[in-house]
Amino acid sequence: MNIFCTKKAKDMFKRVKGTQDFLDLSLFNFVVSQFKKQMRLYHFDEISTPILEPTELFKRSLGLQTDVVTKEMFIIPSRDEKDDESICLRPEATASFVRAFVENGIQTIPWKVFSYGPMFRYERPQKGRYRQFHQINMEIIGARSIGYDAQLIKMLDRYFHETLTLNNYAVLINFLGCKKDRERYRPVLYAFLEENADKLCKLCLERKEKNIMRVFDCKVETCNELYKNAPKLTNHLCEQCTQEWQQLKDDLDLLAVSYKVDPALVRGLDYYNKTVFVFADESLGSQKEFCGGGRYDQLVKEVGSKEDQPSVGAAIGMERLMLLLEPIKDKLPLEQLPALHVIIPLSENQQQLALLLANELHVHNLCADVLLDGESMKSMMRKANKMGASYCLILGEDEQKEHAVTVKNMVNGQETKMPQSEAVAHLTK
Ligand code: HAM
């Protein structure tokens, strides 16, 4: 019996549910590299934080009643009996950035940083929703003015529209006010929900008691209809928040961002206050939000800093963005692969020569591959064709004797025999 493996020898291993293999990263890499370029223009630095974080970090920052914390965390129990700290696979990156800001004693304010990488949430997998997914995450920590929010939204809008040429999405915004505004608003909303309790779905009845603002995330049609007439939080803002809400809209108008106010936009994480926004595209179906963000003015203190640092940030969902870009991929200026040169030794005797010639091409920054598994000339030519070779460099007995190589242009089929020492010059011509 095999004591190391519980799977039967012939069983095929499958991907873990809700994860994906990326076998062609050209689009993914294009999206990331263009984003990096854009971030340089807006003066953000790239950072990297661990995938493993203390579970408590997310409990404290995202909120104990949020779906992510109650149902979706990938928690790894401690292996050390003396150490009861539980760790988890990060479900998002904002809390990690804030931890990094506090733990590393960052003094540069505003701290404008970004990163990209995998996140993990135990959700029910479906199109655009995975258990391991990727985000590009950006934060401006220590940014009091609402002007930062408008600039961030404009930057994302430019990226999606101008760089990635998307034009069917909507920018939805809302304003959640300050803590006091929400305290004042909650009983007003509660009274409305009580009045209409007989029309609410089971989940909304539950949310009404536990995390009342989340009723607006309900997917049930009748609830959504009802909430169109619900009291709006933006009608219950204090004077300063009223001003900031107006400023956000004015700044977005100034920067020519077309947006829509969505009073039902509350976002699923508890750290948000004031500005919240999403970029949504109906063609994605039920998982239509491909980017989301907002302001979080209390999180830095909550994560352990003595001082508050009002902040704002956003995350792009890479898988959803790729779903939008896949159909227009051919129109995007993806990185062009360099021309491929395939070296074909006709027998074992020419293999060392082939290795040397490949090395020569590599030294001169040419892309070269060599076929070493001794197949027939015909099958090697077929393989080179499939690999997309621009040129084949054929080395047979005659070529070896004459220190020559036959270079075949795979586009027009033309063959030229030349001294090996001239091959690089010929190919770089
Ligand atoms: P979020 O809305 O939870 O916000 O996630 C941001 C984006 O990640 C979503 O709009 C979506 O595109 C993508 N996403 C989320 N869950 C999944 C999933 N299971 N499968 C595929 N894509 C997914 C945050 O994570 C905040 N940390 C954003 C932020 C940064 N707010 C301030 N700073």
Side-chain angles (χ1 to χ4, degrees), residues 16-20 22 28 31 44 47 49 53 57-58 61-63 66-69 71-74 89-101 110-141 143 148-149 152-153 155-156 160 166 169-174 176 214 217 265-281 284-300 303 309-325:
V16 170
K17 196 170 169 191
T19 66
Q20 292 190 93
F22 293 89
F28 190 102
V31 166
F44 281 66
I47 63 163
T49 58
E53 290 280 6
L57 172 66
F58 299 104
S61 48
L62 311 189
T66 55
D67 287 352
V68 177
V69 166
K71 299 187 278 200
E72 298 168 5
M73 297 286 280
F74 276 93
L89 303 181
R90 62 181 179 195
E92 59 107 58
T94 308
S96 302
F97 276 37
V98 171
R99 180 206 42 73
F101 173 82
W111 195 45
K112 296 171 76 177
V113 281
F114 77 101
S115 183
Y116 73 95
M119 310 291 151
F120 305 84
R121 296 184 192 175
Y122 192 82
E123 295 199 73
R124 195 168 47 77
Q126 64 178 98
K127 182 182 161 208
R129 189 163 71 187
Y130 307 95
R131 289 184 177 168
Q132 176 173 335
F133 58 99
H134 297 77
Q135 285 184 343
I136 299 181
N137 190 74
M138 65 223 78
E139 310 292 346
I140 313 176
I141 297 180
Y148 285 109
D149 308 23
L152 183 67
I153 296 172
M155 189 269 288
L156 287 161
F160 296 133
L166 295 174
Y169 63 83
V171 183
L172 308 176
I173 64 166
N174 194 17
L176 303 181
R214 294 292 313 284
D217 276 346
L265 180 67
V266 286
R267 310 273 293 127
L269 308 167
D270 280 1
Y271 50 61
Y272 290 116
N273 67 349
K274 300 186 180 174
T275 310
V276 283
F277 60 87
V278 294
F279 287 72
D281 193 310
L284 289 172
S286 63
Q287 306 304 313
K288 60 180 188 224
E289 293 167 4
F290 61 94
C291 173
R295 177 161 278 279
Y296 49 95
D297 290 346
Q298 274 84 43
L299 188 57
V300 175
V303 167
Q309 287 296 351
S311 306
V312 61
I316 300 171
M318 285 292 281
E319 282 74 5
R320 294 185 196 172
L321 184 56
M322 308 263 278
L323 283 171
L324 291 176
L325 294 175

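In this chain, numbering begins with 1 at the start of the sequence shown. Start at 1 and go down the list; that is how both ligands and their atoms are numbered.
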Exercise. Testing E139, K274, Q309 for side chain to side chain donor-acceptor pair (under 3.5 Å) with Y296, which one passes?
Worked result: E139
For this session: Please name the residue in the list R320, E319, E123 that meets the side-chain contact (heavy atoms from CB on, under 4.5 Å) test with Y130.
Result: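 Of the listed residues R320, E319, E123, the side-chain contact (heavy atoms from CB on, under 4.5 Å) partner of Y130 is E319.
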Counting only heavy atoms, which portion of [X] has something under 4.0 Å from ligand 1: side chain, backbone, both, or neither?
X: R131; value: neither
X: M119; value: neither
X: V312; value: neither
X: Q287; value: neither
X: V68; value: neither

Below 3.5 angstrom, do we get any N/O pair linking [X] and ligand 1?
X: Y296; answer: no
X: A314; answer: yes
X: R129; answer: no
X: E319; answer: no

[X]: numbered ligand 1 atoms lying under 4.0 Å from its heavy atoms:
X: A315; result: 6 (C), 7 (C), 28 (C), 29 (C), 30 (C)
X: G128; result: 20 (N), 21 (C), 22 (N)
X: C291; result: 10 (O)
X: G293; result: 31 (N)
X: G292; result: 10 (O), 28 (C), 29 (C)
X: E139; result: 30 (C), 32 (C), 33 (N)
X: Y271; result: 26 (C), 27 (N), 31 (N)
X: N137; result: 30 (C)

Got the closest protein heavy atom to [atom], with its distance?
atom: atom 13 (C) of ligand 1; answer: G317 CA, 3.6 Å
atom: atom 19 (N) of ligand 1; answer: E123 OE2, 2.6 Å
atom: atom 27 (N) of ligand 1; answer: E92 OE1, 2.6 Å
atom: atom 8 (O) of ligand 1; answer: Q135 NE2, 3.1 Å
atom: atom 24 (C) of ligand 1; answer: L269 CD1, 3.7 Å

Out of [options], who is nearest to [atom] when you count heavy atoms only?
atom: atom 29 (C) of ligand 1; options: F290, Y272, F97; answer: Y272
atom: atom 2 (O) of ligand 1; options: R90, E289, R267, H134; answer: R267
atom: atom 17 (C) of ligand 1; options: Y130, F133, F277; answer: F133
atom: atom 3 (O) of ligand 1; options: R121, M138, R320; answer: R121

Exercise. Do the side chains of V68 and M73 get nearer than 4.5 Å, heavy atoms only?
Worked result: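 They are in contact (side-chain heavy atoms under 4.5 Å apart), so the answer is yes.
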For this session: Report yes if some heavy atom in the side chain of T275 is under 4.5 Å from a heavy atom in the side chain of I173; otherwise report no.
Result: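 No, side chains not in contact.
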For this session: Please name the pair of heavy atoms, one in L62 and one in P91, separated by the smallest distance, quoted to 0.1 Å.
Result: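 For L62 and P91, the tightest heavy-atom pair comes out as CD1-CG, 4.2 Å.
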Exercise. Is any side-chain N of the basic residue among R214 and D67 closer than 4.0 Å to the acidic one's carboxylate O?
Worked result: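 Result for this pair is yes, salt bridge flagged.
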